[in-house]
Protein chains: 2
Amino acid sequence: MPTTNLDETARQILAAASRRFLHYGYKKTTMSEIADDCNMSSGNLYRYFPSKLDIAEMFVRVLRGEQVDNLRTVLDAPGRSPAQKVRDFFLLKFKLAYERFHDKPKAFELSSELILERPKVALEWENAEGRVLGEILSEGNADGSFAIDDVPAITKILQNTAYRFTSPALFHESGEEALAVELNGVIDLVLDGFAWRSAHGEQGKTVSAASR
Amino acid sequence: MPTTNLDETARQILAAASRRFLHYGYKKTTMSEIADDCNMSSGNLYRYFPSKLDIAEMFVRVLRGEQVDNLRTVLDAPGRSPAQKVRDFFLLKFKLAYERFHDKPKAFELSSELILERPKVALEWENAEGRVLGEILSEGNADGSFAIDDVPAITKILQNTAYRFTSPALFHESGEEALAVELNGVIDLVLDGFAWRSAHGEQGKTVSAASR
DNA sequence: CGATTGAACAGTTTATATATTAGTCAGGCT
DNA sequence: AGCCTGACTAATATATAAACTGTTCAATCG
């Protein structure tokens with residue numbers, strides 16, 4: 001998915017643009033500067049990318065592809081139960097978001113700007129992460145630790161419960177440690193929910209549905 | 001907490017300001033306009049409020065006080081179990097936020113602007129709502145349906161799990177119905193978590209903690 | 001004398017003019 | 001031909017000037 005589909009020249013352009021995006025941000029890097037870095041004219045950039053925003057989109061796609069790859073390592077961690085992997089997944093996702101927010105602010109800002117214009121990118125990204133999380137849940141179904149009938153639906157619900165720790169709204173307010181403690185509390189609770197459903201099968205859903 | 005502490009003149013000022021805030025927004029209403037509405041000079045406003053922002057803060061405090069009162073009615077609903085009240089609480093909170101976002105956009109905008117300058121107001125609000133939620137949890141402890149040792153901590157965790165449905169980030173993306181369905185899914189899961197903990201007592205925490 | 005005013009000040013917003021930039025394309029180069 | 005250039009344009013952004021607004025306070029009023 002990352003740069004492998006791209007022409008050699010396109011890769012060069014993307015690399016030059018990425019350097020400037022990270023240093024100066026999206027709005028403060030001009031097409032002429034990117035072209036100069038690549039020893040070509042600005043007009044030639046448009047032979048490889050339809051617009052400046054598309055370069056930014058590719059930049060974000062690469063970043064997020066790396067993040068999904070990173071999260072995918074949780075799947076192969078040896079000696080970790082599915083429940084532990086659910087926790088690993090969200091703690092790692094939180095840690096990556098928190099760190100990127102604090103020490104790559106320009107990249108974070110660029111992501112936010114891009115998503116305003118290209119919301120589809122955010123959705124695709126959430127779905128890609130959801131597939132990793134879904135694989136963890138399926139593993140748990142296979143070994144009997146979970147009893148989830150609709151994996152995609154539960155995946156979305158899990159993502160909802162952890163949303164506060166993946167959106168930057170809170171990243172100003174508290175330190176990484178305090179937020180991680182709160183996230184662990186959330187995970188404790190939802191894992192206990194899984195434990196209940198695993199022990200009670202379909203009845204688990206009936207019980208909570210009855211509370212409506 | 002609302003306007004009862006206020007001087008008669010201060011109430012008049014607040015009422016005039018509120019009308020203009022709702023119609024035109026915070027930045028587009030001037031102190032002179034508020035003063036004119038009250039048949040007084042702009043300078044005289046400062047005998048009753050230290051600054052324009054403080055008028056806005058009072059306006060938001062009144063709005064939010066009404067919202068907390070509204071949520072508090074969930075506590076007295078007859079024939080509802082504590083689990084049902086937890087669900088009622090969050091569905092009502094979501095509904096109020098969603099509706100206010102869509103049909104009082106100026107009030108929503110003013111809230112957001114104010115919180116940037118006065119974050120303390122947001123914290124106080126969250127704590128006030130947390131106290132209502134905490135009372136529901138204590139009720140559940142009393143009648144044996146829950147088994148929560150640290151009510152304030154669990155209150156915060158519950159607020160975290162539902163955060164996505166109380167922040168306006170998603171209010172553009174989906175309709176009220178679809179979001180309510182997702183919120184119900186979240187509540188189903190955390191209530192099952194409570195069910196597990198209630199059935200297993202302290203062991204519940206041990207089980208999920210062991211997944212670390 | 002306490003309550004109120006409105007002119008004055010500093011800071012900010014808005015309006016206007018100037019400059020820069022994203023994107024195009026007719027032509028040049030290889 | 002296929003790739004690239006760089007002047008050109010419309011749109012955006014920056015810089016500057018004018019107008020306005022929040023806030024203060026000496027003077028006025030009742």
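Residue numbering restarts at 1 for every chain, and letters A, B, ... go by the order of the sequence lines. Just so you know, these numbers use all the heavy atoms, side chains as well, and skip hydrogens, waters and symmetry mates. Just so we're clear, the structure is a prediction, and the values are computed from it rather than from any experiment.
The side chain of B:Y48 lies closest to C:dT4, out of D:dC4, C:dT4, D:dT21. The nucleotide whose nearest atom lies closest to any side-chain atom of B:S41 is, among C:dG6, C:dG23, D:dC4, C:dG6.
Rounded to an integer number of Å, the gap from CD of A:E8 to P of D:dC3 is 15 Å. Rounded to an integer number of Å, the gap from B:M31 CE to C:dT13 P is 16 Å. When the C1' atom of D:dC20 is taken as reference, atom NZ of B:K27 falls 15 Å away, rounded to whole Å. Here D:dT21 presents its P atom at 12 Å from OH of B:Y46, a figure rounded to the nearest Å. Going from atom CD of A:Q12 over to atom C1' of D:dC4 covers 14 Å, rounded to whole Å. As a whole-Å value, the separation of A:N44 CG from C:dT24 C1' is 13 Å. The distance between atom CZ of B:R20 and atom P of D:dG22, rounded to the nearest whole Å, is 12 Å. Look at CZ on A:R47: it is 15 Å from C1' on D:dG6, rounded to the nearest Å.
Counting any heavy atom pair closer than 4.0 Å across all strands shown, A:T9 reaches no nucleic acid atom.
Between A:K28 and A:G43, the residue whose closest nucleotide on DNA chain D is further toward the 5' end is A:G43.
Under the 4.0 Å criterion applied to side-chain N and carboxylate O atoms, B:D88 and B:K95 are not assigned as salt-bridge partners. Using a cut-off of 4.0 Å between Lys/Arg side-chain N and Asp/Glu carboxylate O, A:E124 and A:R64 are scored as not salt-bridged.
Ring geometry for A:F171 against A:F108 counts as perpendicular: the plane angle is over 60°, on a 0 to 90° scale with 30° as the lower cut.
Here the straight-line distance linking atom CD of B:E176 with atom CZ of B:F94 works out to 5.5 Å at 0.5 Å rounding.
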